[in-house]
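First comes the structure, then the notes that go with it.
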Amino acid sequence: MNRKIFQALFLSVLLTLVLTLAVSIFVFYTSYEDRIDEDLASELRLLKAAADEDIEVIRQFSLEGQRITHIAPDGTVLYDSDAESGVMENHAERAEVVRALHYGFGTAERESTTLLERLHYAAIRLDDGSVLRVAVHAEAVFAFVMDILLPMAVILIILLILFTWLSYKVARRITAPINSIDLEHPDTAEGYEELSPLLYRISKQQALIREQIENAERTSREFSIITENMSEGLVVIDREMRILSVNSAAYRLFDSEEVKPGDSILAINRADDFSDAVGGALAGRRMEIVMENRTRSLQIIASPVFDKGSVTGAVVIIIDITEKAGRERLRREFSANVSHELRTPLTSISGFAELLMRGGVPEATVMDFGREIYDESQRLIALVHDIIRLSRLDEGDAPEAVERISVSDIAEDAVTRLRKRAESFSVTVSINAEGPGYITGSEMLVDEMIFNLVDNAIKYNRKGGSVNVSVKDENGEVVLCVKDTGIGIPENDKDRVFERFYRVDKSRSRESGGTGLGLSIVRHAAMFHHAKISLDSKLGEGTAVTIRFPAAE
């Protein structure tokens with residue numbers, strides 16, 4: 001702004017000075033010519049007074065820079081101070097001579113045919129009817145003007161320098177109040193009253209912009225908080241696959257390095273399936289695929305973003321379906337296992353029933369068949385009972401009352417009920433309770449947990465072996481441990497013994513009437529009580545299962 005105001009002032013001053021100089025020269029030139037004519041007229045009147053007395057007097061005059069001519073009434077040149085009168089042409093048609101003869105005085109300006117120079121002429125009629133003329137060179141006027149032009153040019157340059165400095169100062173002074181305006185708070189500015197409407201509008205605009213920025217920042221923060229707390233990955237990209245927005249879950253689910261806006265989405269994962277899904281979305285199609293990496297199953301949903309009918313980008317959602325896939329796998333396995341486990345006793349019952357239906361079976365054999373049918377039906381009932389119990393635990397449905405209970409009392413009761421079973425397996429069962437072990441939970445579930453653990457320790461023990469149940473309070477927890485001296489669990493099977501229908505020794509489990517669901521029920525019951533379960537086992541030496549319950553307050 002300073003420069004524009006300075007340029008405007010400087011050009012205005014320069015134009016004013018140039019025009020003033022031009023007009024001054026023109027006026028001065030015109031005035032000087034008029035002054036020349038007046039001077040010539042005065043000289044002619046003096047010469048006329050002298051010439052009327054004696055015409056020869058004019059021949060004695062010598063005026064520097066001027067030419068004197070005496071002309072007869074018929075136009076014949078009688079005398080000329082600068083040329084031979086005899087060779088000069090007749091002057092009867094000269095304008096100044098014609099005016100002098102008619103009016104007594106005349107002037108003219110033209111180029112002399114004799115001297116070939118431009119001259120100013122003034123002529124006066126004498127008493128004898130002849131004409132006396134005086135001429136002066138026109139270049140003399142121009143030369144005089146040019147003589148004064150140099151000082152005027154110097155004065156002009158000085159004035160230009162002065163006005164340049166003044167223009168700079170004035171421009172700075174004009175713009176200083178404007179430059180000092182605080183655009184953040186324009187309503188507090190002190191300056192020109194003419195700027196008040198503009199400052200008011202700027203103030204309102206600033207308030208609107210601040211409000212819009214605050215809203216945008218708040219929306220951005222809310223969006224960032226929401227996306228960062230999503231378990232699903234979210235990526236927004238443009239047509240060139242450059243990331244516009246991304247949350248940490250997107251690259252964390254792929255176990256990749258951190259990415260940021262501006263990076264290519266392929267920095268998250270370069271698998272062909274992922275690239276094809278993104279490319280399909282940018283082509284205008286909704287893509288949905290499932291990918292497997294080392295630790296997770298991921299569902300990728302890529303949807304195109306349209307603007308005015310054309311694809312401008314895509315939104316990619318990454319969902320961890322590992323648990324869902326695992327549950328689906330367990331559901332399929334569970335269905336297959338249930339079908340298999342139910343088929344075995346039902347096949348046995350059906351076979352024995354068919355033999356009995358045909359008849360001709362000895363009475364002793366009928367009793368054996370009846371005993372087998374009873375055993376298989378009891379196994380079937382136990383299996384159905386365990387399946388129903390496990391299903392309820394899966395659904396979080398535990399109708400049992402939750403109250404303050406003693407783990408030691410429940411353990412002693414379970415051990416008492418299993419002593420006869422232990423004796424049939426030649427196994428000794430003992431309990432060591434260092435305190436009551438109060439927890440908040442379901443007495444029926446805790447009883448079922450301990451019963452299953454002790455029962456398994458008896459079934460998978462060796463003859464002459466032992467089972468020890470211990471309960472103690474330790475660091476705000478009630479620790480239950482069931483330890484046996486049985487066959488142990490192979491290293492490869494330790495992570496799977498709590499799965500449904502999984503058996504380390506399938507033949508021995510069937511012989512003992514196991515359903516394969518006992519330890520799975522133990523795990524779910526522990527989860528219901530927010531307890532931690534751990535297993536320590538060595539093949540051929542025995543197994544110890546430890547459960548840590550939060551102690552009751």
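This is a predicted model, so every value here is computed, not measured.
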(request) Starting at OG of Ser245, measure out to NZ of Lys260 and round the result to the nearest 0.5 Å. (result) 14.5 Å

(message) For Ser466 and Thr428, which I'm curious about, is there any donor-acceptor pair between the side chains at under 3.5 Å?
(response) no

(message) Which heavy atom of Leu418 sits nearest to which heavy atom of Asp455, and what is that distance?
(response) CD1-N, 3.9 Å

(message) Is there a side-chain contact between Val479 and Val471 in this structure, where contact means two heavy atoms from C-beta onward sitting under 4.5 Å apart?
(response) no

(message) I'd like to know whether CG of Asp272 has more than 12 heavy-atom contacts from other residues, nucleotides or ligands below 6.0 angstrom.
(response) no

(message) Is any side-chain heavy atom of Phe254 closer than 4.5 Å to one of Leu298?
(response) yes

(request) Check for a donor-acceptor pair, side chain of Asp413 on one end and backbone N or O of Asp409 on the other, with a separation under 3.5 Å. (result) no

(request) Answer yes or no: is there a donor N or O on one side and an acceptor on the other, between the side chain of Ser408 and the main chain of Pro436, under 3.5 Å? (result) yes

(message) Please check this pair: side chain of Arg419 against backbone of Val429, looking for a donor-acceptor N/O pair closer than 3.5 Å.
(response) yes

(request) Decide yes or no on side chain to side chain contact (heavy atoms under 4.5 Å, CB included) for Phe528 and Leu445, but give the supporting numbers first. (result) CA-CA 9 Å; Phe528 176 81; Leu445 282 179; 3.6 Å; yes

(request) Salt-bridge test for Glu288 and Arg286: reply yes if a basic N is under 4.0 Å from a carboxylate O, no otherwise. (result) yes

(request) Taking the side chain as every heavy atom from C-beta outward, state whether Val246 and Asp263 have any atom pair closer than 4.5 Å. (result) no

(message) Out of the candidates Val545, Asn468, Asp484, Val469, only one should pair with Val454 under the side chain to side chain contact (heavy atoms under 4.5 Å, CB included) rule; please name it.
(response) Val469

(request) Check step by step if side chain to side chain contact (heavy atoms under 4.5 Å, CB included) holds for Thr543 and Leu535. (result) CA-CA 7 Å; Thr543 302; Leu535 182 145; 4.2 Å; yes

(request) Would you give the length of the straight line joining atom CZ of Arg548 to atom CG of Asn475, rounded to the nearest 0.5 angstrom? (result) 8.0 Å

(message) I need the minimum non-hydrogen distance between Ser264 and Ile243, along with the two atoms involved.
(response) O-CD1, 3.9 Å

(request) Keeping the roles fixed (side chain from Asn215, backbone from Glu211), state whether a donor-acceptor pair exists under 3.5 Å. (result) yes

(request) Measure the spacing between CD1 of Ile410 and CE of Met444 and express it to the nearest 0.5 Å. (result) 10.5 Å

(request) Would you check if Phe306 and Thr312 make a side-chain contact, meaning some heavy-atom pair closer than 4.5 Å? (result) no

(message) Quiz question: by atom type and distance under 3.5 Å, do the side chains of Asn432 and Ser470 form a donor-acceptor pair?
(response) no

(message) Looking at every heavy atom in both Ile489 and Ser537, which two are closest together, and how far apart are they?
(response) N-OG, 2.8 Å

(message) Using only atom types and a distance under 3.5 Å, with no angle test, would you say the side chain of Asn247 pairs donor to acceptor with the backbone of Leu234?
(response) yes

(request) Count the heavy atoms of every other residue, nucleotide or ligand shown that sit under 6.0 Å from CD of Glu240, and state whether that count exceeds 12. (result) yes

(message) Distance check, rounded to the nearest 0.5 Å: Phe451 atom CZ versus Arg417 atom CZ?
(response) 5.5 Å

(request) State, to 0.1 Å, how close Val311 and Ala281 come at their nearest heavy-atom pair, and which atoms those are. (result) CG1-O, 4.1 Å

(request) For Tyr251, enumerate each residue passing the ring pair (Phe, Tyr, Trp, His ring centres under 6.0 Å) test, keeping only those at least two apart in sequence or located in another chain. (result) none

(request) Using a 4.5 Å cut-off on heavy atoms from C-beta on, say whether the side chain of Lys463 contacts that of Phe425. (result) no

(request) Could you pull out the closest heavy-atom pair between Arg252 and Arg296, with the gap in Å? (result) O-NH1, 3.6 Å

(request) Take Val522 and Leu453, measure what side chain to side chain contact (heavy atoms under 4.5 Å, CB included) needs, and give me the verdict at the end. (result) CA-CA 8 Å; Val522 170; Leu453 288 174; 4.1 Å; yes

(message) Checking the side chain of Thr416 only, and the main-chain atoms of Glu412 only, is there a donor and an acceptor separated by less than 3.5 Å?
(response) yes

(message) I want to check something: taking the side chain as every heavy atom from C-beta on, are Val467 and Lys483 in contact at a cut-off of under 4.5 Å?
(response) no

(message) Determine whether a donor-acceptor pair (N or O, by modelled atom type, separation under 3.5 Å) exists between the side chain of Arg462 and the backbone of Thr485.
(response) yes

(request) Report the distance from atom CD1 of Ile319 to atom CD1 of Ile300, rounding to the nearest 0.5 Å. (result) 8.5 Å

(message) Working to the nearest 0.5 angstrom, can you tell me the gap between Ile317 CD1 and Ser303 OG?
(response) 6.5 Å

(request) Evaluate the side chain to side chain contact (heavy atoms under 4.5 Å, CB included) criterion for residues Glu232 and Leu253: first the C-alpha distance (whole Å), next the side-chain angles of each, then the deciding distance (0.1 Å), finally the verdict. (result) CA-CA 8 Å; Glu232 297 82 6; Leu253 290 173; 5.8 Å; no

(request) Taking the side chain as every heavy atom from C-beta outward, state whether Asn461 and Lys459 have any atom pair closer than 4.5 Å. (result) no

(message) Looking at every non-hydrogen atom in both residues, tell me the closest pair between Val478 and Tyr438 and how far apart they are.
(response) CG2-O, 3.5 Å

(message) When you compare the side chain of Glu217 with that of Thr219, does any pair of heavy atoms fall below 4.5 Å?
(response) no

